[in-house]
Amino acid sequence: SGQVTQLQNILSNKQARGSFGEVQLENLVRDALPDSAYEFQATLGNGKRVDCLLALPNPPGAICIDSKFPLESYRRLVDAPDDQSRDAARRGLETDVKKHINDIADKYIVPGETAESAILFLPSESVYAEINIQLPRLVDESRRKHVYMAGPDNLMLILHTVRAILRDARMHEAAGLIQTQVDVMMQDVRRLDDRVAKLASHFSQAEKDIADIQTSARKITSRGDKIAKIEVIDATA
């Protein structure tokens with residue numbers, strides 16, 4: 001009971017609630033992706049700081065994720081005593097979330113720097129379900145703005161997809177590096193083949209030269225033997 005009360009006190013403070021959403025976002029991202037695949041509180045070229053930036057290759061490019069927690073609007077909806085109050089609270093929730101969608105579209109979709117879409121993270125499955133079931137026009141509006149809403153479960157699925165994309169990109173990169181090294185190695189093999197051919201040619205010429213030398217040596221030896229057999233007449237006889 002004390003822990004629940006403490007959590008309610010945390011969530012009643014807007015700044016603390018925002019930090020709660022950011023921490024939940026960070027935990028999900030850290031669990032799903034390697035450190036090199038994301039940056040928290042990243043500053044974009046337009047000077048805006050986003051809660052999380054996923055570093056994906058082009059396409060689609062870097063994807064921004066911003067955490068929003070419209071808890072006050074949702075509480076008014078849950079605590080509404082009658083249908084009229086509930087409808088008014090639901091319209092208030094729609095207005096608040098629509099503002100978040102527009103802000104994310106304006107701040108975190110930067111042509112030439114980020115992907116053409118961004119993610120609005122709702123750190124509550126209840127809020128996410130309420131929006132998707134009861135506010136279909138808001139869902140359509142978010143899609144037109146290329147800002148896709150995700151609760152914790154959906155975000156985890158998205159992050160696992162991102163991990164698969166990154167793994168595939170690394171495999172393609174590794175394949176390219178291997179192909180490059182194979183091409184370089186084949187060039188070395190061709191040079192080695194040329195040098196072996198030249199060496200074989202040198203050996204062939206050396207064998208011929210040795211054979212010629214041996215022929216000359218045999219001729220010299222033969223002539224020497226003939227000279228040795230000649231009887232020299234003693235001049236004094």
Side-chain angles (χ1 to χ4, degrees), residues 7 10-11 14-71 97 100-125 127-128 131-132 139 142-188:
L7 179 60
I10 291 173
L11 297 181
K14 185 176 292 187
Q15 184 175 359
R17 185 165 67 245
S19 298
F20 175 82
E22 292 174 11
V23 169
Q24 189 176 4
L25 171 61
E26 290 184 10
N27 289 336
L28 291 171
V29 172
R30 291 184 192 279
D31 287 344
L33 300 177
D35 294 343
S36 60
Y38 58 82
E39 180 182 355
F40 297 121
Q41 301 301 317
T43 301
L44 304 179
N46 58 9
K48 305 299 182 181
R49 180 175 293 180
V50 65
D51 290 338
C52 180
L53 183 68
L54 301 182
L56 272 75
N58 288 315
I63 296 178
C64 293
I65 306 177
D66 205 54
S67 174
K68 300 296 181 185
F69 202 166
L71 184 61
V97 176
H100 294 323
I101 291 171
N102 290 332
D103 288 343
I104 290 174
D106 293 338
K107 295 177 181 179
Y108 305 134
I109 299 178
V110 183
E113 183 178 358
T114 70
E116 296 178 352
S117 59
I119 297 174
L120 166 57
F121 174 57
L122 299 166
S124 168
E125 289 294 345
V127 176
Y128 175 74
I131 292 173
N132 277 269
V139 175
S142 71
R143 290 172 179 170
R144 283 194 295 270
K145 292 284 188 177
H146 299 284
V147 176
Y148 299 98
M149 292 179 284
D153 290 342
N154 293 74
L155 182 63
M156 183 56 73
L157 291 175
I158 292 172
L159 294 175
H160 279 288
T161 302
V162 168
R163 184 171 65 182
I165 292 172
L166 292 173
R167 183 171 59 246
D168 186 63
R170 286 195 297 269
M171 290 177 63
H172 280 293
E173 182 180 357
L177 292 174
I178 292 172
Q179 183 63 47
T180 300
Q181 293 302 316
V182 168
D183 291 341
V184 173
M185 184 182 69
M186 290 308 299
Q187 294 175 11
D188 291 337

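In this text the structure is predicted, and so the values were computed from the model without any measurement.
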TODO: Kindly compute the distance separating CG (Asn132) from CG (Leu122), expressed to the nearest 0.5 Å.
DONE: 8.5 Å
Open item on the list: Looking at Glu125, I'd like to know if its CD atom is crowded, meaning that more than 12 non-hydrogen atoms belonging to other residues, nucleotides or ligands lie closer than 6.0 Å.
Closed with: yes
Task: Nearest-0.5 Å distance, CG of residue Leu159 to CD1 of residue Ile119 - done: 7.0 Å
Open item on the list: Quick check for you: to the nearest 0.5 Å, what is the distance between Tyr108 atom OH and Ile65 atom CD1?
Closed with: 12.5 Å
- [ ] For Lys145, enumerate each residue passing the salt bridge (Lys or Arg N to Asp or Glu O under 4.0 Å) test, keeping only those at least two apart in sequence or located in another chain.
- [x] none
If you look only at distance, which donor and acceptor atoms sit under 3.5 Å apart when one is on a side chain in residues 44-55 and the other is two or more places apart or in another chain?
{"residue": "Asn46", "atom": "OD1", "partner": "Lys48", "partner atom": "N", "Å": "3.0"}
{"residue": "Asn46", "atom": "ND2", "partner": "Lys107", "partner atom": "O", "Å": "2.9"}
{"residue": "Asp51", "atom": "OD1", "partner": "Gln41", "partner atom": "NE2", "Å": "3.3"}
{"residue": "Asp51", "atom": "OD2", "partner": "Ser67", "partner atom": "N", "Å": "2.8"}

Task: Nearest heavy-atom neighbours spanning Val139 and Ser142 - done: O-OG, 2.6 Å
Open item on the list: Let me confirm one number: the CG-CE distance from Asp153 to Met156, rounded to the nearest 0.5 Å.
Closed with: 8.5 Å
Open item on the list: Just so I know, are the side chains of Cys64 and Ile104 near enough to count as touching, which here means a heavy-atom distance under 4.5 Å?
Closed with: no
Open item on the list: Within the structure provided, determine whether Leu71 and Ser124 are in side-chain contact (heavy-atom separation under 4.5 Å).
Closed with: no
Task: Contacts of Arg30 that satisfy side-chain hydrogen bond (donor to acceptor under 3.5 Å, both in side chains) - sequence neighbours left out - done: none
Open item on the list: Which label fits His146 and Tyr148: parallel for a plane angle under 30°, tilted from 30 to 60°, or perpendicular past 60°?
Closed with: perpendicular
TODO: Would you mind reporting whether Ile165 and Thr161 have side-chain heavy atoms less than 4.5 Å apart?
DONE: yes
TODO: Can you see which heavy atom on Phe121 is nearest to which on Leu155, and at what distance?
DONE: CD1-CD2, 3.5 Å
Task: Closest contact, heavy atoms only, Pro123 versus Gln24 - done: CB-OE1, 3.0 Å
- [ ] Please tell me if the side chains of Val147 and Asp66 come closer than 4.5 Å, counting only heavy atoms from C-beta onward.
- [x] no
- [ ] First locate atom CZ of Phe69, then atom CD of Glu22, and finally report the distance between them rounded to the nearest 0.5 Å.
- [x] 12.5 Å
Open item on the list: Please give me the minimum heavy-atom distance between Ala105 and Ile109, naming the atom from each residue.
Closed with: O-CB, 3.7 Å
- [ ] Report yes if some heavy atom in the side chain of Leu120 is under 4.5 Å from a heavy atom in the side chain of Val97; otherwise report no.
- [x] yes
